[in-house]
Q: 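Sharing a structure with you now.
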Protein chains: 2
Amino acid sequence: MNADDLDKTKKTPAFQMVIVHLRNQIRSGKLAAHAALPSERAIAEQFGISRMTARRALLAVEMEGLAYSSGRRGRFVSPQRVAYDISKTVSLSALIGQDGPGLTIKVISQQMAQADAALSAKLAVPEGEVLYKYIRVFLLQDHPAFVEEEYAIASLFPGLFDHNLQQSTTVLMEREYNVPPHSGDITIRMRALNEQEAGLLNLPTYNAGIELEQVIYGPDGKPFCFGRQIWRGELAEFTAHAIVRR
Amino acid sequence: MNADDLDKTKKTPAFQMVIVHLRNQIRSGKLAAHAALPSERAIAEQFGISRMTARRALLAVEMEGLAYSSGRRGRFVSPQRVAYDISKTVSLSALIGQDGPGLTIKVISQQMAQADAALSAKLAVPEGEVLYKYIRVFLLQDHPAFVEEEYAIASLFPGLFDHNLQQSTTVLMEREYNVPPHSGDITIRMRALNEQEAGLLNLPTYNAGIELEQVIYGPDGKPFCFGRQIWRGELAEFTAHAIVRR
DNA sequence: CCACCATTCTGGTATATACCAAATGAAAAC
DNA sequence: GTTTTCATTTGGTATATACCAGAATGGTGG
């Protein structure tokens with residue numbers, strides 16, 4: 001079946017032809033992971049369409065998760081998705097950091113903060129409670145995967161910022177402060193990135209991503225840490241094994 | 001801070017002004033849930049921008065989850081997200097169907113199918129095993145929320161299609177066949193909709209959505225049902241309570 | 001009262017063009 | 001060999017315009 005066959009019946013939108021073409025190139029392996037896709041202008045010329053239409057196709061391929069854009073550098077083929085098992089609250093760094101390198105953590109900011117209404121509810125502390133707040137970007141193979149904003153109850157972890165934050169904080173908290181993670185409440189949703197997140201993830205503003213929020217509880221059943229991760233949507237998938245509660 | 005202040009320093013893109021305006025209208029409640037947003041042409045005229053720019057803003061607001069489009073009827077304010085607790089594998093219909101109405105199930109197709117390689121692995125049956133296959137659309141307040149494609153092992157549920165499929169199938173399987181759900185393996189990812197899904201959800205093609213896959217196991221530890229749901233991304237969030245396994 | 005039809009509204013696709021800013025790479029200066 | 005400079009390439013924003021097809025509306029004729 002070629003394009004003309006479709007044209008006879010319904011008229012296939014031009015941008016869809018480009019999508020099909022790119023999809024094939026990627027799926028067949030002619031374009032390997034992290035290889036550069038043709039530019040908007042190149043596609044426009046090659047297919048005899050306008051640049052805006054080529055752009056539309058490329059954005060669709062991005063949304064499919066087959067490609068990712070990297071600022072004004074170009075678009076590239078996505079690597080395989082990372083499967084993140086949320087049944088183990090232990091952070092990603094513990095999961096990947098050991099198998100091999102490839103995981104880099106960039107600390108964007110670290111400061112003290114006070115619990116607002118939302119945080120006080122989630123962490124079961126009074127409003128105004130002193131918290132550590134830090135923002136980090138996690139990169140897989142030098143490719144930004146997600147931004148994490150985390151809050152930890154300060155009184156439980158004196159001198160937390162004296163440690164290197166380029167590692168799993170749950171592991172750190174367990175090893176240095178004897179506060180092991182025991183359970184977690186997790187929420188996953190899809191939402192658009194704000195400007196800061198988009199900048200850190202090298203994405204155009206208002207791209208959609210997946211948000212994973214988690215409150216981490218200790219063995220005593222009390223929460224000690226709240227985190228919010230925004231993932232590039234094409235990069236992750238979250239798995240869980242659930243027992244039906246009645 | 002108004003737009004002019006930003007213009008002095010950096011020049012705020014025009015479409016972002018529209019986004020801010022719409023966001024305020026919605027957040028403040030001036031536009032209630034399911035109320036119609038101004039059309040692309042109306043916004044273009046009101047803000048003195050071209051229609052394509054207005055369109056860009058509206059698409060961004062859609063991606064934020066604040067609005068949803070409904071074919072060529074227009075765009076409307078999104079209702080509140082539905083929280084879906086994946087720790088209870090029991091299907092959504094059990095969750096919502098009792099509180100009040102508002103949930104409608106449309107059966108799109110029902111047929112017999114044979115297990116391919118992927119399905120045989122997930123359901124632990126030989127390739128070629130006979131399965132029920134049915135596709136349904138779930139609507140909340142007459143607004144399509146997700147498309148579900150489900151496969152059930154035929155030999156376990158003789159005459160399944162004699163029952164009304166406009167209800168929770170896990171409940172049906174438990175009540176009529178004494179096969180209660182016991183646990184489930186769940187995967188959540190973000191991906192683009194294909195044409196069929198987009199049509200059923202009243203969305204433009206290549207919109208992104210959230211996919212929830214689940215294999216449901218019985219008390220004997222054997223899988224009996226595999227389902228794949230594609231949600232409108234702005235509509236759902238998934239919660240879970242996880243115990244750390246070591 | 002209802003069935004039909006034309007008008008008007010909506011978003012979807014597509015064009016050709018323009019300018020900007022970030023990133024890249026090659027040539028020129030040191 | 002290193003640094004600086006500059007032209008090129010890239011995506012991002014924006015315009016004005018055009019046509020199409022589905023959806024809603026308001027009227028008209030039965």
Side-chain angles (χ1 to χ4, degrees), chain A residues 3 6-7 9-20 22 35-63 67-76 142 144 193 195 198-207, chain B residues 3 6-7 9-20 22 35-63 67-76 142-144 192-193 195 198-207:
Chain A
L6 292 171
D7 273 330
T9 57
K10 250 193 189 179
K11 200 186 335 177
T12 306
F15 78 94
Q16 300 229 26
M17 309 243 237
V18 180
I19 292 175
V20 169
L22 291 173
L37 265 63
S39 74
E40 297 177 358
R41 288 170 175 88
I43 288 177
E45 200 177 344
Q46 186 187 336
F47 283 82
I49 59 180
S50 82
R51 191 187 141 205
M52 289 309 285
T53 306
R55 178 182 180 73
R56 181 149 172 22
L58 282 163
L59 289 175
V61 171
E62 267 188 71
M63 287 219 291
Y68 64 91
S69 84
S70 178
R72 286 179 168 92
R73 233 165 304 134
R75 292 186 174 84
F76 304 88
D142 293 319
L193 280 50
E195 279 185 70
L200 292 171
L201 291 178
N202 244 321
L203 283 173
T205 327
Y206 299 107
N207 223 289
Chain B
L6 292 171
D7 273 330
T9 57
K10 250 193 189 179
K11 200 183 339 176
T12 306
F15 78 95
Q16 299 229 27
M17 310 245 238
V18 181
I19 292 175
V20 170
L22 291 173
L37 265 62
S39 74
E40 297 178 356
R41 289 169 174 89
I43 289 177
E45 200 176 343
Q46 185 187 338
F47 283 82
I49 58 180
S50 83
R51 191 186 142 206
M52 289 308 286
T53 307
R55 179 182 178 75
R56 181 149 172 22
L58 281 163
L59 290 174
V61 171
E62 266 188 73
M63 287 219 292
Y68 64 93
S69 83
S70 177
R72 286 178 169 92
R73 234 165 302 136
R75 292 187 174 84
F76 304 88
D142 295 318
H143 171 211
L193 279 49
E195 279 184 71
L200 291 171
L201 291 179
N202 244 320
L203 284 172
T205 327
Y206 298 109
N207 223 291

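Because the structure is a prediction, the values reported are computed rather than measured. The chains referred to below are lettered A, B, ... by the order of the sequence lines, with proteins before strands, and numbering in each begins at 1.
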Q: In residues 67-76 of chain B, which ones come under 4.0 Å of DNA chain D, going by heavy atoms?
A: B/Arg72, B/Arg73
Q: Please list every donor-acceptor pair under 3.5 Å in which a side-chain atom of residues 37-46 of chain B meets a protein atom from a residue at least two apart or in another chain.
A:
residue, atom, partner, partner atom, Å
B/Ser39, OG, B/Ala42, N, 3.1
B/Glu40, OE1, B/Arg51, NE, 2.8
B/Glu40, OE1, B/Arg51, NH2, 2.9
B/Glu40, OE2, B/Arg55, NH1, 2.7
B/Glu40, OE2, B/Arg75, NH1, 3.2
B/Glu40, OE2, B/Arg75, NH2, 3.4

Q: Please report the C-alpha distance between B/Ser69 and B/Asn202 in whole Å, then the side-chain angles of each, then the deciding distance to 0.1 Å, and finally whether the side-chain contact (heavy atoms from CB on, under 4.5 Å) criterion is met.
A: CA-CA 7 Å; B/Ser69 83; B/Asn202 244 320; over 6 Å; no
Q: Rounded to whole Å, how long is the line connecting atom CZ of B/Arg41 with atom P of D/dC19?
A: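 Taking atom P of D/dC19 as the reference, CZ of B/Arg41 is at 13 Å.
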Q: Can you tell me how far the CG atom of B/Leu200 sits from the CD atom of B/Glu195, to the nearest 0.5 Å?
A: 11.5 Å
Q: Between the opening five pairs and the closing five pairs of the helix from C/dC1-D/dG30 to C/dC30-D/dG1, how far apart are the helix axes, to 10°?
A: 10°
Q: Residues two or more places apart in sequence or in another chain: which of them pass side-chain hydrogen bond (donor to acceptor under 3.5 Å, both in side chains) with B/Arg73?
A: B/Ser70
Q: Excluding sequence neighbours, so at least two apart, what forms ring pair (Phe, Tyr, Trp, His ring centres under 6.0 Å) with B/Tyr68?
A: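 Result, ring pair (Phe, Tyr, Trp, His ring centres under 6.0 Å) vs B/Tyr68: B/His34, B/Phe76, B/His143.
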Q: Going by side-chain hydrogen bond (donor to acceptor under 3.5 Å, both in side chains), name the residues that satisfy it together with B/Thr53, two or more places apart in sequence or in a different chain.
A: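 Once residues adjacent in sequence are excluded, the partners of B/Thr53 under the side-chain hydrogen bond (donor to acceptor under 3.5 Å, both in side chains) criterion are B/Ser50.
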Q: What integer distance in Å separates A/Ile43:CD1 from D/dT9:P?
A: 17 Å
Q: In residues 49-62 of chain A, which ones come under 4.0 Å of DNA chain C, going by heavy atoms?
A: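 Those residues whose heavy atoms fall under 4.0 Å from DNA chain C, taken from residues 49-62 of chain A in numerical order, are A/Ile49, A/Ser50, A/Arg51, A/Met52, A/Thr53, A/Arg56.
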Q: Going by ring pair (Phe, Tyr, Trp, His ring centres under 6.0 Å), name the residues that satisfy it together with B/Tyr206, two or more places apart in sequence or in a different chain.
A: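 Testing B/Tyr206 for ring pair (Phe, Tyr, Trp, His ring centres under 6.0 Å), a comparison that skips the adjacent residues, returns none.
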Q: With a 4.0 angstrom cut-off to heavy atoms of chain A, pull out the first and last contacting nucleotide of DNA chain C, in 5'-to-3' order.
A: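 Result: C/dT13 to C/dT24.
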